Amino acid sequence: MIKAFEAGRPSLLCVSGHSAGSIWAAALIRALASIANPPDVRLAFLAPAVRMDEFADVLQLGTPFVRAFRMFTMNDELERKDAVLGPGTAAIYPCSLLYVISGVLEDQRAEAFPDAPIVGMQRFLGSDPAWLTDPRQIASARAVLNFLTSPNHGVVYATTEGNPGLSSLATSHGAFDDDQMTLASVVTFFG
């Protein structure tokens, strides 16, 4: 794909990633940063599973050409009610897939990294990353928060019925790519 961009640059590239697809999208932004004159990018994340430190690293490279960013994700109340195995399975694990990823599936330098900050989790998007002790992780969280509050960037927490491009009625992690309101918002955002 990158070789194709080198041969003929599109003026605009619209990229979306749902859940682990946000990790792929971040890798694409990293790869685009390696070519001369990358296209302008409009980037949409749906309940992204990418870690904050990984996304912050990508932002250092891609910020100049990522012209607009929109993230659609659940508020923390919905995230905590979204049993990863589906309705009626809360006794096994009561929260969403992003809670599982953050809580038990991430590592840092081959060590367990419980409570790893994930971009798509509202609980990690507060103003102060006080739960972190690693200076690099703190700097990464602040970089992502600054990016999300920059002009042309933003977060839509489900459930929200807002203006065109700012709505989502998804109530579970897997619903974002099925929810017609979210999909219409992404189409409007890509405009």
Side-chain angles (χ1 to χ4, degrees), residues 15-34 41-82 84 93-160 166 168 170 172-173 176 182 186 189:
V15 177
S16 67
H18 177 215
S19 195
S22 64
I23 298 167
W24 173 87
L28 176 63
I29 300 301
R30 182 184 303 276
L32 287 171
S34 71
V41 173
R42 293 182 73 81
L43 180 60
F45 280 173
L46 310 176
V50 66
R51 269 191 7 206
M52 280 201 187
D53 56 347
E54 293 169 8
F55 192 51
D57 289 348
V58 167
L59 290 176
Q60 287 183 338
L61 302 170
T63 301
F65 60 89
V66 175
R67 301 289 184 212
F69 175 85
R70 182 89 30 93
M71 177 170 66
F72 300 87
T73 197
M74 288 189 287
N75 65 43
D76 194 55
E77 180 183 353
L78 284 175
E79 202 83 57
R80 289 178 180 274
K81 291 179 181 177
D82 182 26
V84 72
Y93 192 86
C95 298
S96 75
L97 180 60
L98 293 185
Y99 264 93
V100 173
I101 292 167
S102 170
V104 297
L105 296 180
E106 291 294 326
D107 65 62
Q108 183 177 26
R109 294 184 285 282
E111 296 286 327
F113 188 12
D115 225 15
I118 302 293
V119 172
M121 294 180 71
Q122 182 185 30
R123 66 182 291 235
F124 294 124
L125 299 177
S127 59
D128 183 22
W131 75 98
L132 296 170
T133 56
D134 181 333
R136 182 178 177 279
Q137 294 294 331
I138 293 168
S140 294
R142 288 189 174 133
V144 170
L145 293 172
N146 288 338
F147 174 79
L148 292 175
T149 57
S150 302
N152 297 323
H153 305 327
V155 179
V156 175
Y157 291 109
T159 60
T160 299
L166 297 170
S168 176
S172 68
H173 180 80
F176 283 90
T182 304
V186 172
F189 171 68

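The figures that follow rest on heavy atoms only: side chains count, while hydrogens, waters and symmetry mates do not. Because the structure is predicted, anything quoted here is derived from the model rather than measured.
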Trainee: Find the distance between OG (Ser22) and CG (Leu28) and round it off to the nearest 0.5 Å.
Mentor: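 It is 12.5 Å, given to the nearest 0.5 Å.
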Trainee: With sequence neighbours left out, which residue pairs that include part of residues 62-73 fulfil the salt bridge (charged side-chain N to carboxylate O under 4.0 Å, His left out) condition?
Mentor: Asp40-Arg67
Trainee: So, taking the atom named OG1 in Thr160 and the one named CZ in Phe72, what distance separates them when rounded to the nearest 0.5 Å?
Mentor: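 Atom-to-atom, Thr160:OG1 and Phe72:CZ are 10.0 Å apart.
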Trainee: How would you list, by chain and number, every residue that makes a side chain to side chain donor-acceptor pair (under 3.5 Å) with Ser168, sequence neighbours excluded?
Mentor: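 For Ser168, the residues satisfying side chain to side chain donor-acceptor pair (under 3.5 Å) (neighbours in sequence not counted) are Thr182.
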Trainee: Taking distance alone, no hydrogens or angles, what donor-acceptor pairs closer than 3.5 Å link side-chain atoms of residues 41-57 to residues at least two apart or in another chain?
Mentor:
from	atom 1	to	atom 2	distance (Å)
Arg42	NE	Phe189	O	2.8
Arg42	NH2	Phe189	O	2.6
Arg51	NE	Asp53	OD1	3.0
Arg51	NH1	Glu106	OE1	3.0
Arg51	NH1	Asp107	O	2.6
Arg51	NH2	Asp53	OD1	3.4
Arg51	NH2	Asp53	OD2	2.7
Asp53	OD2	Arg136	NH1	3.4
Asp53	OD2	Gln137	NE2	2.8
Asp57	OD1	Arg136	NH2	3.2
Asp57	OD2	Arg136	NH2	2.7

Trainee: Tell me every residue that passes side chain to side chain donor-acceptor pair (under 3.5 Å) with Ser172, counting only those two or more places apart in sequence or in another chain.
Mentor: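 In terms of side chain to side chain donor-acceptor pair (under 3.5 Å), with neighbours along the sequence ignored, Ser172 is linked to no residue.
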Trainee: Is the backbone of Leu98 close enough, under 3.5 Å, to the side chain of Ser102 for a donor and an acceptor to pair up by distance?
Mentor: no
Trainee: When you measure from the side chain of Ser34 to the backbone N and O of Arg30, does any donor-acceptor pair fall under 3.5 Å?
Mentor: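 No; zero donor-acceptor contacts below 3.5 Å.
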Trainee: Thr159: what forms a side-chain contact (heavy atoms from CB on, under 4.5 Å) with it, not counting sequence neighbours?
Mentor: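 By the side-chain contact (heavy atoms from CB on, under 4.5 Å) rule, Thr159 matches Leu78, Leu169, Thr171.
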Trainee: At what distance, to the nearest 0.5 angstrom, does CH2 of Trp24 lie from OG of Ser19?
Mentor: 14.5 Å
Trainee: How would you list, by chain and number, every residue that makes a salt bridge (charged side-chain N to carboxylate O under 4.0 Å, His left out) with Asp82, sequence neighbours excluded?
Mentor: none
Trainee: Using 0.5 Å steps for rounding, measure from the OH atom of Tyr99 to the NE2 atom of His173.
Mentor: 13.5 Å
Trainee: Not counting sequence neighbours, which residues clear side-chain contact (heavy atoms from CB on, under 4.5 Å) with Gln122? List them please.
Mentor: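 side-chain contact (heavy atoms from CB on, under 4.5 Å) check on Gln122 returns Asn75, Asp76, Tyr157.
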Trainee: Kindly assign one of parallel, tilted or perpendicular to the pair His18 and Phe176, based on the angle between their ring planes and the thresholds 30° and 60°.
Mentor: tilted
Trainee: I'd like to check the side-chain contact (heavy atoms from CB on, under 4.5 Å) partners of Ala33; sequence neighbours left out, ordered by chain and number.
Mentor: Leu61, Phe65
Trainee: Give, for atom NZ of Lys81 and atom CE of Met74, the distance between the pair rounded to the nearest 0.5 Å.
Mentor: 11.5 Å
